[in-house]
2 protein chains.
Amino acid sequence: MSALTSAIDILRCFSTSRPDLSFADVQALTGKPKSSTSRLLRSLRDCGLLEQDPNSRRYRPGLLTFELGRLHRAHDDLIATAERELREVCTRTGHTGYIAVLDGYQQVVLRIVPGSNPLRVVNPPGQRTPAIITSNGRAMLARLSDAEIRARVPLDYPKVPANSPQNFEQLIARLNEIRRTGVSDAADEAIEGVGSQGFALANGETGELIGIAISYSVQATTEIERAIVRRELGAMAEKLRRMTGDPLGQPVELRAGLAS
Amino acid sequence: MSALTSAIDILRCFSTSRPDLSFADVQALTGKPKSSTSRLLRSLRDCGLLEQDPNSRRYRPGLLTFELGRLHRAHDDLIATAERELREVCTRTGHTGYIAVLDGYQQVVLRIVPGSNPLRVVNPPGQRTPAIITSNGRAMLARLSDAEIRARVPLDYPKVPANSPQNFEQLIARLNEIRRTGVSDAADEAIEGVGSQGFALANGETGELIGIAISYSVQATTEIERAIVRRELGAMAEKLRRMTGDPLGQPVELRAGLAS
DNA sequence: CCTTCAGTTCCAAATTTCGGAACATGGTGC
DNA sequence: GCACCATGTTCCGAAATTTGGAACTGAAGG
């Protein structure tokens, strides 16, 4: 294992639920000997990837990660376009919008568009969630081949909420339904009482894949309102797919033509 | 040079002005042989610190930096407190507020509070600027010992705008004035036609240092208006220094007492 | 004074990294 | 079709770094 790999292993210990760690935390989480942990933490601190609170001596991501994180948005083309459209839909419907990307079998929230409805934002940007328990996460997975999905989902299928697919077969069934209907939704999964609908958008040139969702309180919305969201999302998906050259946006004959 | 150091050297090549780099760019900027560059870029990409645009093959900061950057705010106590106060002053005065930290002889913008005045925000968060050419940067430097300042400023004094201190002696003179009057300002330095006033705030326990500034168009403000800003900033500094236990906020006798 | 906890330093062995050179790969002009 | 150039990647032995156990330090607590 290279020095860089070990360093990354340490960095990956930090998360929204564990934004700062003590020496002992890091040692426990990485399972490395004290000496290695000590040296590595010092290097990371010295180079700015980590900071150490002079008081509590705990470590947290440093100034350099802040600077680099700010640059990440270069990603823009696809995301910015999607965000603009999403923003419009959110002001129209009052619900909260999310844009996320896939990383392994998890998704990471990139952008949030708060709605006017009083549903607190529960997933700040940077938040990680298993993609199999969200509407946009499953929409993204549905765009991958079954083989690729199998490679991403851990062999030891994760423990998920009751409403989510409980095993690999259920997951594939659910993804097939998304592929067939083009609609993905979720209710009472990641968060009790919260539902969402989502779709996946791919950049036609790069294949870059993002998931877009609108979430709302299940109790506080009627079936009619949710149908409106579905229509809005459908229109948005169609428009964005044309704009970004997403192959799913192409009529079937044309797609067939491209494949040859 | 360790693998981690080389990796950081590459990461530090990215900046707001250069948010993505080609293989050749990285090689030129780091001055390393092709083979090393190739291996290192691959590692960085594989671990998520960098992403590669599949189309242009250019590299940019990756998802991991985004996630970690989101966690950086742990810094909070001092910055969040300052930001709240700054926000109030900015709505009152209509000008734009900045919070930055020192890194070597440069400062990095952490937070921006846009004012209502139509002065476009020119320094987004993450932006690096030599601290010697900004009001809050110099205010932070003024809190350090001359020896420490000398250690931070490059021996080869950087090229700076006409209104900024042109050499180390001028810089020290200017910092002494800040120490004496407690006031730091700048005009037509980092950006033509833009002026600012700032101060530095230290956390009494940790010694953590941040710089707070309000910036405005020099042409579009009167001397009276700038005096108002000075007064607002003075009041804010005093209040924040009490709140955060900044030693500068303590009356002299008390400070003398603490030193014993 | 002894013990524990938290972390650092030391050292020889083991693993990585290093950079030059040879080897792909993909356009471009002739 | 072919030489040619720009980009990158892979290979290899030498050289440097990393590794982890153990000894060490320093502070806190009983």
Side-chain angles (χ1 to χ4, degrees), chain A residues 1-15 18-62 64-65 74 203-208 258, chain B residues 1-15 18-62 64 71 74 203-208 258:
Chain A
M1 173 180 283
S2 76
L4 187 60
T5 319
S6 322
I8 297 298
D9 280 349
I10 291 186
L11 291 180
R12 286 200 186 279
C13 294
F14 295 88
S15 67
R18 282 196 249 96
D20 63 346
L21 298 170
S22 69
F23 180 101
D25 292 337
V26 175
Q27 205 199 331
L29 287 165
T30 59
K32 298 229 146 211
K34 279 199 297 185
S35 50
S36 308
T37 308
S38 177
R39 257 174 296 127
L40 223 24
L41 280 176
R42 198 218 318 257
S43 309
L44 287 169
R45 169 158 51 79
D46 289 350
C47 74
L49 241 25
L50 290 183
E51 289 173 357
Q52 189 171 24
D53 185 305
N55 215 245
S56 66
R57 306 187 54 66
R58 295 174 70 81
Y59 295 87
R60 62 188 175 214
L64 183 57
T65 65
N203 181 326
E205 300 197 8
T206 65
E208 190 188 350
L258 282 174
Chain B
M1 174 179 282
S2 75
L4 187 61
T5 319
S6 323
I8 298 298
D9 279 350
I10 290 186
L11 291 180
R12 286 201 186 279
C13 294
F14 294 88
S15 67
R18 280 195 250 97
D20 64 346
L21 297 170
S22 69
F23 180 101
D25 292 338
V26 175
Q27 205 199 333
L29 287 165
T30 59
K32 298 227 149 217
K34 281 198 297 183
S35 51
S36 308
T37 307
S38 177
R39 256 174 296 129
L40 224 23
L41 280 177
R42 198 218 319 260
S43 308
L44 287 168
R45 169 157 52 78
D46 289 350
C47 75
L49 241 26
L50 290 183
E51 290 173 356
Q52 188 172 25
D53 186 304
N55 213 247
S56 66
R57 305 185 55 64
R58 295 174 71 82
Y59 294 87
R60 61 187 176 216
L64 183 58
L71 297 174
N203 181 325
E205 301 197 8
T206 64
E208 191 188 351
L258 281 175

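Letters A, B, ... are given to chains in the order of the sequence lines, protein chains preceding strands, and every chain is numbered from 1.
The distance from atom NZ of A:K34 to atom P of D:dA22 is 12 Å, rounded to the nearest whole Å. One can place CD of B:Q52 at 12 Å from C1' of D:dT9, the figure rounded to the nearest angstrom.
Applying the side chain to side chain donor-acceptor pair (under 3.5 Å) test to every pair with at least one member in residues 22-45 of chain B, sequence neighbours left out, gives these pairs: B:S22-B:D25, B:D25-B:R58, B:R45-B:Q52.
Fit an axis to the five pairs at each end of the helix from C:dC1-D:dG30 to C:dC30-D:dG1 and the two axes sit 30° apart, to the nearest 10 degrees.
Heavy-atom distances under 4.0 Å link DNA chain C to no residue of residues 26-33 of chain A. In the region residues 35-50 of chain B, proximity to DNA chain D at under 4.0 angstrom, judged on heavy atoms, holds for B:S35, B:S38, B:R42.
Where DNA chain C meets chain A (any atom under 4.0 Å from a heavy atom), the bounding nucleotides read 5' to 3' are C:dG7 to C:dT17.
Using a 4.0 Å heavy-atom cutoff across all strands shown, A:S6 reaches sugar-phosphate atoms only and no base atom.
How far CG of B:L64 is from OG1 of A:T65: 9.0 Å, rounded to the nearest 0.5 Å.
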For residues 6-15 of chain B, which side-chain N or O atoms pair as donor and acceptor with protein atoms under 3.5 Å away, sequence neighbours left out?
unit_1, atom_1, unit_2, atom_2, d
B:S6, OG, B:S2, O, 2.9
B:R12, NH2, A:C47, O, 2.8
B:S15, OG, B:S17, N, 3.4
B:S15, OG, B:S17, OG, 3.1
B:S15, OG, B:R18, N, 3.2

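Residues B:P61 and B:P19 share a closest heavy-atom pair of CD-O, 3.5 Å.
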